[in-house]
Structures are given as structure tokens and as C-alpha cells.
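These notes concern the structure reproduced below.
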Amino acid sequence: METIQVRNPRNGQFDYRFVQPEPDALRRRAGELRAAQRDWATRPVESRVAVLQRWKDQLLVHRGAIVEALAIDTGRHLLAQAEFGGTLAAIDRWCAQAPQLVREEEGRSQAQPSITFRSQLVPYPLVGVISPWNFPLTLSLIDAIPALLAGCAVLVKPSEVAPRFVEPLRASIEALPELAAVFDVVVGDGRTGSALVGLVDLVCFTGSVRTGRAVGRAAAEHFIPAFLELGGKDPVIVTETADLELATDVVLRASVLASGQACQSLERVYVQDSLYDRFVARLVEKANAVPINFPDIHAGVVGPLIFDRQADIIAGQIDDALRHGAKVLCGGRVEIHGGGGRWIRPTVVVDVNHSMQLMTDETFGPVMPVMKFRTIDEAVELANFGTYGLSAAVIAGTLEEAEAIARRIDAGAVSLNDGSLTGVMHEAEKNSFKCSGLGGSRMGAAGLMRFFRRKALIRQTGRPATIGMFDE
Ligand code: NAD
């Protein structure tokens with residue numbers, strides 16, 4: 001059995017380890033979950049709601065351990081608490097909605113009114129969830145909660161980069177045998193993720209485009225649906241009518257929160273020429289005032305980069321931009337603290353263009369490259385550049401002006417006069433555009449209904465047709 005060492009993002013020490021599951025053990029566990037799902041699916045949805053509510057109580061019992069483990073996994077404390085609170089809210093939100101959503105429809109054939117139908121909702125037996133390291137708890141449970149309420153069994157594989165929270169999370173699940181029978185979380189690396197795709201009936205994957213492509217290919221091979229939520233390179237357009245204080249506040253927060261390690265972080269900033277100089281000066285002033293959360297995890301805003309290799313990617317993109325004529329106005333350097341933890345302060349880069357990696361590739365760091373535009377048509381063209389289409393933002397003098405621009409942007413969600421609002425908007429359905437994802441919306445009603453196959457029970461209430469009726 002292979003032991004995998006895990007790095008602590010605040011000091012670079014490998015101070016945690018886990019054992020990679022054996023393929024046979026994983027297959028056995030998948031079989032157990034699948035077998036228990038039959039009973040789980042036949043319960044009324046209200047009964048599953050009641051179990052998830054009891055799980056919420058257990059999560060609260062284990063709250064301290066989960067939040068502390070998550071804080072070590074991510075090197076940040078407030079957002080670990082926010083992830084925990086968001087998970088409880090997600091359970092409540094889905095528990096409130098599920099009884100209304102999980103309804104069998106009935107209807108009648110227009111062509112032959114004696115034929116009626118009832119559509120049976122048949123959950124996929126076993127759902128696999130594969131999640132990334134940036135919001136380890138949230139993204140491990142975001143699909144698992146609605147899938148469980150739909151009546152599926154769920155097997156989650158979080159990222160091997162941030163797995164400490166799994167032990168206390170599993171303790172909360174194991175406290176409820178009826179939940180543990182259909183729900184498990186297994187720690188492993190990409191090999192376990194790859195094996196998981198072959199063991200489940202539907203896969204929800206959140207992660208990079210590169211791995212998403214591999215998961216999509218494997219899912220096609222196994223003939224199962226894949227819901228792929230992938231990377232982004234979100235643009236923000238700031239028009240000359242925008243309020244300067246609001247615009248700089250939004251860009252700073254939505255680029256720098258979670259050290260930029262969020263799929264919906266703003267990573268390309270396009271500002272209209274007449275506002276550009278004042279915007280850049282104010283953004284740099286504000287960026288310089290944002291402290292890192294070192295040495296005290298409870299003080300400061302910017303946490304360490306969770307994944308060592310991501311720090312190299314960010315540094316590489318900044319170097320590439322500098323080589324091609326860009327200027328770094330603040331931040332821009334990976335700093336080592338705590339022995340081997342890696343931080344980067346809010347970074348503003350100007351004189352950038354679309355030939356630079358910083359404007360084409362996902363950065364996943366607190367970096368704000370700012371580019372000037374003249375007309376709105378030009379801004380829309382710049383925003384629509386590239387292979388990503390996750391989300392975007394527009395900041396203008398009025399919401400109407402912002403919306404007119406937003407309607408022309410190729411992205412699954414656009415925040416108007418704010419940024420990264422997808423993080424708090426769970427009700428609006430959205431699809432990822434271009435390479436940012438594939439499959440139905442994880443938000444809104446579709447987020448739960450995608451876990452069902454609809455079976456049509458078609459009833460003849462009159463006399464069936466006879467073969468004689470088809471005599472030419
Ligand atoms: P990643 O693609 O490297 O890994 C994601 C998960 O896939 C991990 O659990 C990993 O172990 C697993 N994995 C690796 N190889 C696999 C394989 N061949 N088959 C199956 N699973 C495999 O991504 P990451 O670096 O952990 O996360 C960062 C990425 O996630 C960024 O691109 C970010 O934009 C994206 N992300 C997207 C969203 C969204 O909702 N669209 C949200 C958060 C993060």
C-alpha cells in the first residue's frame with residue numbers, strides 16, 4: 001500500500017500522510033454503496049431530508065475538527081469557517097427544495113388522448129464526485145448533497161493536495177449508519193480518481209481543463225454522463241461611467257479573495273481609456289494596503305498558495321509577461337515565509353497584451369493584469385478572447401448599461417456592478433461556456449434534477465390499436 005505525503009501550505013513541511021486505496025478495496029466499497037442505494041432510493045424524499053438534517057447536527061458536533069483541519073489544508077481560517085457555514089446552508093437549501101422538486105409528472109398524449117403517462121424519476125445508483133484543492137470541503141459536497149437527496153449513493157474523492165478535512169468529515173458521516181451506507185469519502189490521488197470513473201454511474205468533476213478532458217474521455221468510454229466544472233480566466237470590463245471606488249473595490253476583492261485560488265476569480269481587467277490612469281493608481285494604492293495572513297493565521301487577508309506547483313505557474317506567467325514588456329506595479333514576487341510556505345501579495349500588472357500567458361492561461365493567484373480599451377465593442381471582443389467561458393463581470397454607471405454589455409459576453413454567468421457573484425448565487429442556473437465545462441447546471445433546480453433519469457410509464461386507458469388498423 002502506497003503512502004502519500006501531504007505538504008502544509010503555511011510552512012512547506014510534509015506533516016500529514018494518507019494511504020492510497022487499493023483498487024480492489026475501492027471496487028468493494030463502490031459495490032457496497034451501490035447495494036445500499038436500492039433501499040435509499042425507495043424511501044420518500046422526506047426521509048432522506050430527515051437523514052441529511054441529522055447529518056447537519058453531526059457536522060456541528062465535529063465542527064471544530066473539520067474547520068481546524070481545513071485551515072491547515074488551505075492555510076487560511078476565516079474561509080475555512082465560511083466553507084463550513086456554506087455547507088450547512090447548502091444542506092438546508094436543498095432539503096427545503098427537494099420535496100417540491102422531486103415530483104413525478106403526469107400527462108396525456110395529444111395525438112391519442114386515451115394514452116396517458118406518468119414519469120418515474122429513477123436516480124443514478126452511484127454518483128462519483130472528484131474535487132480540487134482550492135475549496136476542499138465546499139467542492140467535495142456541492143454535488144454530493146443534491147445527489148444524496150435525489151436518492152443516489154455517492155462516493156467522493158477530494159484532492160490529494162488538501163485531504164486533512166476528510167477524517168473529521170467521515171466521522172460525521174459514520175455517526176449515522178443509514179447515511180454511511182450510501183455515502184463515503186475516499187482520499188487518493190489522480191489514480192484513484194481515474195479508477196473511480198470506471199466504478200460509478202455518473203461523475204461530477206471539478207478541476208482543471210486538462211484533467212476534465214481526461215475525465216470526459218473516460219466517462220465516454222464507460223458510457224456514463226460527466227458533469228465537468230473546469231477552469232476560468234474571468235474578464236471584467238470597467239467602463240468610464242463606473243464609480244472609481246466601487247470598481248477598484250470590486251476588482252481587488254474578486255481577484256484577491258482566497259489568494260485568487262477560485263475558479264471565478266477576476267483574472268483579466270479591461271478598463272476604458274479615460275478612466276484607466278486613475279483606476280490603476282487607485283487599485284495599486286488599495287492593493288498595497290492588503291496584508292498577508294502571516295505570521296498569524298487569524299490576522300491578514302491573503303493566505304499562502306495552497307499548491308506548491310501553482311506558485312511556480314504564477315511566477316512563470318509573471319516572468320513571461322515581464323519578458324514581453326509588461327510592468328509589475330505592486331506585488332509580483334513569490335515570498336517564502338514560515339520556512340517553506342509561499343505567499344504572493346496582491347499584484348497589479350500593466351502594459352499587458354493577449355500574447356502573454358498571463359492573459360491567456362488560468363493564473364489562480366492574486367494577480368490583476370490591467371488593459372486599456374477605447375470602445376465597448378473593443379471591450380466585448382477582448383473579454384470574449386480565449387478558450388475559457390466560466391464567468392465574467394461588468395462594472396458601469398448603471399445596471400442597465402452593465403447588462404447591455406453582459407448580454408454580449410460568452411460566459412455562463414456575468415456579475416453586474418460586482419464580481420464573482422456566482423459564489424453566492426445558488427438559485428440561478430448557469431452553464432459553463434467554451435472549455436470551462438460541459439454538462440447541465442449545478443445551480444438552480446437542474447442541480448438536483450440532473451441526478452435522475454426519467455422513465456416514462458405510458459398507459460393505454462382505451463382499447464389498444466389492432467394490427468388490422470394498419471391494413472393498406
Ligand atoms: P486538477 O484537475 O489537477 O485535479 C482535480 C481532481 O482531479 C483532483 O482530485 C485530482 O486528484 C483528480 N484527478 C487527477 N487526475 C485524474 C484523472 N486522470 N482522472 C480522474 N481524476 C483525476 O485540479 P486542481 O489543481 O485540484 O484544481 C484547480 C482547478 O480547478 C482550476 O483549474 C480551477 O479553475 C478548477 N476549479 C473549477 C471550479 C468550477 O466550479 N468550475 C471550481 C473550483 C476549481
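Along the sequence shown, residues are numbered consecutively beginning with 1. First listed ligand is number 1; within each ligand, the first listed atom is number 1.
- Of all the heavy atoms of Ala262, none lies under 4.0 Å from any atom of ligand 1, so neither backbone nor side chain is involved.
- Under 4.0 Å from ligand 1, not a single heavy atom of Arg210 appears.
- Backbone and side-chain nitrogen or oxygen atoms of Ser436 are examined, and none is located within less than 3.5 angstrom of a nitrogen or oxygen of ligand 1.
- Counting only non-hydrogen atoms, the option in Arg442, Arg217, Gln264 that gets closest to atom 40 (O) of ligand 1 is Arg442.
- Polar contact with ligand 1: absent for Asn134 (N/O pair, distance under 3.5 Å).
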Starting from the C-alpha separation in whole Å, work towards a yes-or-no answer on salt bridge (charged side-chain N to carboxylate O under 4.0 Å, His left out) for Arg268 and Asp234.
CA-CA 6 Å; Arg268 293 180 285 146; Asp234 282 10; over 6 Å; no
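- Only the side chain of Phe364 comes within contact range of ligand 1, with a heavy atom under 4.0 Å; no backbone atom does.
- Distances between N or O atoms of Thr206 and those of ligand 1 include no value under 3.5 Å.
- Considering backbone and side-chain atoms together, Val209 places no N or O closer than 3.5 Å to any N or O of ligand 1.
- Within the 4.0 Å heavy-atom criterion, the part of Phe205 lying near ligand 1 is the side chain and not the backbone.
- In Leu139, the part holding a heavy atom less than 4.0 Å from any atom of ligand 1 is the side chain.
- Of all atoms in ligand 1, numbered sequentially from 1 with element shown, those under 4.0 Å from a heavy atom of Gly190 are 11 (O), 13 (N), 14 (C), 15 (N), 16 (C), 17 (C), 19 (N), 22 (C).
- With a 4.0 Å cut-off on non-hydrogen atoms, Val161 does not touch ligand 1 at all.
- No part of Ser432 comes within 4.0 Å of ligand 1, judged by heavy-atom distances.
- Atom CG of Asp320 sits about 7.5 Å away from atom CE of Met356, to the nearest 0.5 Å.
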